[in-house]
Amino acid sequence: MRHRLIVPTAAAACLLLAVPASAADATPGAPGIGDSYYPGYGNGGYDVSHYDLRLKYQPATDRLEGTATVLATATQDLSRFNLDFALEVSEVLVGGRKAAFAAKGDHELEITPAAPLDSGRPFTVVVRYGGTPSAVKVGGFTSWLRTRDGGVAANEPEAAWWWFPSNDHPLDKATYDVSVAVPDGTQAISNGRLVSTTSRLGWTRYSWRSGKPQATYLATLAVGRFDITTDTTENGLPVLNAYSKNLGDSAGAAKASVERSAEVADWLSGVFGPYPFDALGGYVPDVPTSYALETQTRPFYSPRQFASGSNVSVVVHELAHQWYGDSVSLKDWRDIWVNEGFARYAQWLWSEKEGEGTAQELADYTYAQHPAEDAFWTVKPGDPGPDNQFHAAVYDRGAIALQALRNTVGDDDFFRILKKWPTDRAYGNASVRDFEAFAEKVSGKPLGELFDTWLFTASKPGAPAARAAGIGTGADADADADADVDTDADADAGDGAGVTVARPKSWKAIHATDTVHGRADR
């Protein structure tokens, strides 16, 4: 078959030359960022620098309306791109021009701009939307928590879909302005600093600013009726705490705990280095959940955390995340240990400071408590799998790994590591293996075997490995008479068999926080 050669006219040739070279090469951005546990979360092809959210919320109907302005830069020649979002969208503009859009799957907003976007080019996306967040289910659940007087967005690893369109993965951090109008007499709580409050025609608008990079799951919104306390630390850091007016008998315990946030943050600054953000606080809304979450600068606490009395340990846990998890965030959700192992170990260090059990005693007790056949040891904290991401082993075995590291490198290098890591990696992302390499660099010691043993082996480390890391060697039947004693010895030969291990005083308080990151739907 013969093909006819067509020679373009001069005018047509000029038109072809006028088309940007990248337009023909532009391709869609990936509908996932490549996470090993959640491949559909986040998106490829661009990087967000800022979210500006202007919202209006009616508690009586749970109706949320908003305009999100997203500032981003293309990282490839983009023909189209996705945002993660689950509410109904009415209009999308890219660069001030109307863009085509369509809902794809259960949380993808696919956007096709009027013209392709060149790699390296900054661009602006405006999304107008509305809906009833609590009525929107993704995978059978909603991360929007309805309350008697409003609603709350706080969950992990996903929460943003129900209240703003985003590139929903910790790899793409951004700064935030969140402005929310609510009926007079109702408050809107979010991250960072409260920069203004204005009232008009029965509505009050609260405007919040987070000026440091923040992962999408760490962005929070709570609307309701709150008792709010404010203060300023000695170095001028604004402190704002909020408590639902519906907490009932738990109100006192909640306040007695969260009001110590400034004290806890000051102490943690001595362990982890300077506090990394420009605001501090916490909030306790009227929700039926039992978990807490390290929402940046202003952690979320469920009332149940305080049902049995004050619980400063959970405050220690969530504030420790401001360094480990918020400032330095995971690269991939399999790296959850770089968040949770350190937050749990901070609780152990607080116990040590309070004279209620040293970190060594807590590590020894944890090791002895779980016999070799316990499924606890089958979970690898360094890569637990999506179904075990918030398993107790990630926290407790993860903290044992840190005590093993402390014993191996010595206190001087260990605490140098704890301080240098958040400073050197501030506002970035890192993996478990990144931390291993960092610890080796600071200590000058090879640590691969230690990390493999305590974080990546699906069985209980035996007596030789435990002794080498100084774990289990502190077990003492003649424990402090004031301590609770667990008389259930580990029955596995060579793993603490026959040893009665003293249970540290802080054990119950620490493990009252075991549900801190249990997802709302699980």
Can any side-chain N or O of Arg193 pair as donor or acceptor with the backbone N or O of Ala279 at less than 3.5 Å?
no

Given the rule in the side-chain hydrogen bond (donor to acceptor under 3.5 Å, both in side chains) test, do Ser269 and Asp266 qualify, once you have shown the distances and angles that lead to the verdict?
CA-CA 5 Å; Ser269 295; Asp266 283 345; 5.1 Å; no

Please determine if Arg433 and Asp452 form a salt bridge, counting it only when a charged side-chain N lies under 4.0 Å from a carboxylate O.
yes

Take Asp383 and Tyr37 through the side-chain hydrogen bond (donor to acceptor under 3.5 Å, both in side chains) test and state the conclusion after the steps.
CA-CA 10 Å; Asp383 188 2; Tyr37 287 2; 2.5 Å; yes

If you look at every heavy atom in Leu145 and Ala154, which pair is closest and at what distance?
CD1-O, 4.2 Å

Whether Ser90 side chain and Arg128 backbone form a donor-acceptor pair below 3.5 Å:
yes

Shortest non-hydrogen pair, Arg205 vs Ala181, comes out as NH2-CB, 3.4 Å

Are Phe164 and Phe85 near enough that their ring centres are under 6.0 Å apart?
no

With rounding to the nearest 0.5 angstrom, report the OG1 to CG distance, Thr112 to Leu78.
10.5 Å

Mind listing the closest non-hydrogen atom pair of Ser244 and Phe226 along with its distance?
N-CD2, 3.5 Å

Please walk me through it: do Phe272 and Val328 pass side-chain contact (heavy atoms from CB on, under 4.5 Å)?
CA-CA 12 Å; Phe272 296 149; Val328 187; over 6 Å; no

So how far is it from Thr289 OG1 to Gln305 CD, rounded to the nearest 0.5 Å?
8.5 Å

Can you give me every donor-acceptor pair (side chain of residues 97-107, partner residue at least two apart or in another chain, under 3.5 Å) with its distance?
| unit_1 | atom_1 | unit_2 | atom_2 | d |
| --- | --- | --- | --- | --- |
| His107 | ND1 | Asp84 | OD1 | 3.1 |

What one should report as the nearest heavy-atom pair of Arg146 and Ser134 is CD-OG, 4.0 Å

Using the rule side-chain hydrogen bond (donor to acceptor under 3.5 Å, both in side chains), only one of Asn82, Thr216, Asp47, Asp172 pairs with Asn167; which is it?
Asp172

I'd like to know if the side chain of Asn311 reaches the main chain of Val314, judged simply by a donor and an acceptor atom lying under 3.5 Å from each other, with no hydrogens or angles considered.
yes

Only residue of Asp62, Asn155, Val136 satisfying side chain to side chain contact (heavy atoms under 4.5 Å, CB included) with Trp144 is Asp62

Decide side-chain hydrogen bond (donor to acceptor under 3.5 Å, both in side chains) for Glu340 and His317; before the verdict, give the C-alpha distance in whole Å, the side-chain angles of both, and the deciding distance to 0.1 Å.
CA-CA 9 Å; Glu340 302 304 343; His317 185 104; 3.2 Å; yes

Rounded to the nearest 0.5 Å, what's the gap from OH on Tyr129 to CD on Glu91? Could you check?
14.0 Å

Do we see a donor-acceptor contact under 3.5 Å between the side chains of Ser119 and Asp77?
no

Distance from Asn43 atom CG to Leu171 atom CG, nearest 0.5 Å?
12.0 Å

Decide yes or no on ring pair (Phe, Tyr, Trp, His ring centres under 6.0 Å) for Phe435 and Phe342, but give the supporting numbers first.
CA-CA 12 Å; Phe435 183 83; Phe342 293 83; 4.9 Å; yes

Could you please spell out the steps behind the side-chain contact (heavy atoms from CB on, under 4.5 Å) verdict for Asn191 and Thr295?
CA-CA 7 Å; Asn191 311 82; Thr295 41; 4.2 Å; yes

CA sep, side-chain torsions, deciding dist, call: Leu55, Leu221, side-chain contact (heavy atoms from CB on, under 4.5 Å):
CA-CA 11 Å; Leu55 312 175; Leu221 175 64; 4.1 Å; yes

Using the ring of each side chain (for Trp, its six-membered ring), is Trp162 parallel, tilted or perpendicular to Phe141, with breaks at 30° and 60°?
tilted

Main chain of Gly192, side chain of Thr297: is a donor-acceptor contact present, judged purely on distance under 3.5 Å?
yes

Taking the inter-plane angle between the rings of Tyr41 and Tyr38 on a 0 to 90° scale, is it parallel (under 30°), tilted (30 to 60°) or perpendicular (over 60°)?
parallel

Do other residues, nucleotides or ligands put more than 12 heavy atoms under 6.0 Å from Glu88 CD?
no

All heavy atoms of Asp434 vs all of Ala430, minimum pair found to be OD2-CA, 3.5 Å

Give the minimum heavy-atom separation between Ile417 and Tyr324, together with the two atoms involved.
O-OH, 4.0 Å

Side chain of Lys245, backbone of Asp286: donor and acceptor closer than 3.5 Å?
no

Kindly determine whether Tyr291 and Tyr301 satisfy side-chain contact (heavy atoms from CB on, under 4.5 Å), including the steps that lead there.
CA-CA 7 Å; Tyr291 65 95; Tyr301 302 97; over 6 Å; no

Among Leu240, Val180, Thr220, exactly one meets side chain to side chain contact (heavy atoms under 4.5 Å, CB included) together with Trp208. Which residue is that?
Leu240

Any salt bridge linking Asp149 with Arg225? Criterion: basic side-chain nitrogen under 4.0 Å from a carboxylate oxygen.
no

Check whether Arg148 reaches the backbone of Asn246 with its side chain - one donor and one acceptor, N or O, closer than 3.5 Å.
yes

Let me confirm one number: the OG1-CG distance from Thr229 to Asn241, rounded to the nearest 0.5 Å.
4.0 Å

Once the angle between the rings of Phe300 and Tyr283 is folded into 0 to 90°, is it parallel (under 30°), tilted (30 to 60°) or perpendicular (over 60°)?
perpendicular

Is it true that a side-chain atom of Ser443 and a backbone atom of Asp413 form a donor plus acceptor pair closer than 3.5 Å?
no

Main-chain N/O of Lys380 paired with Arg397 side-chain donor or acceptor, under 3.5 Å:
no

Under a 3.5 Å distance rule, please check whether Tyr427 uses its side chain to pair with a backbone N or O of Pro276 as donor and acceptor.
yes

Given Phe438, Phe415, Trp323, the one that forms ring-ring contact (aromatic ring centres under 6.0 Å, His included) with Trp421:
Phe438

Which is it for Tyr345 and Phe414 under the ring pair (Phe, Tyr, Trp, His ring centres under 6.0 Å) test, yes or no, and what are the steps along the way?
CA-CA 12 Å; Tyr345 195 76; Phe414 178 73; 5.6 Å; yes

Taking Arg80's backbone N and O only, do any of them form a donor-acceptor pair with Glu110's side chain (distance below 3.5 Å, no angle check)?
no

From the list His50, Gln214, Lys212, side chain to side chain contact (heavy atoms under 4.5 Å, CB included) partner of Thr175 resolves to His50

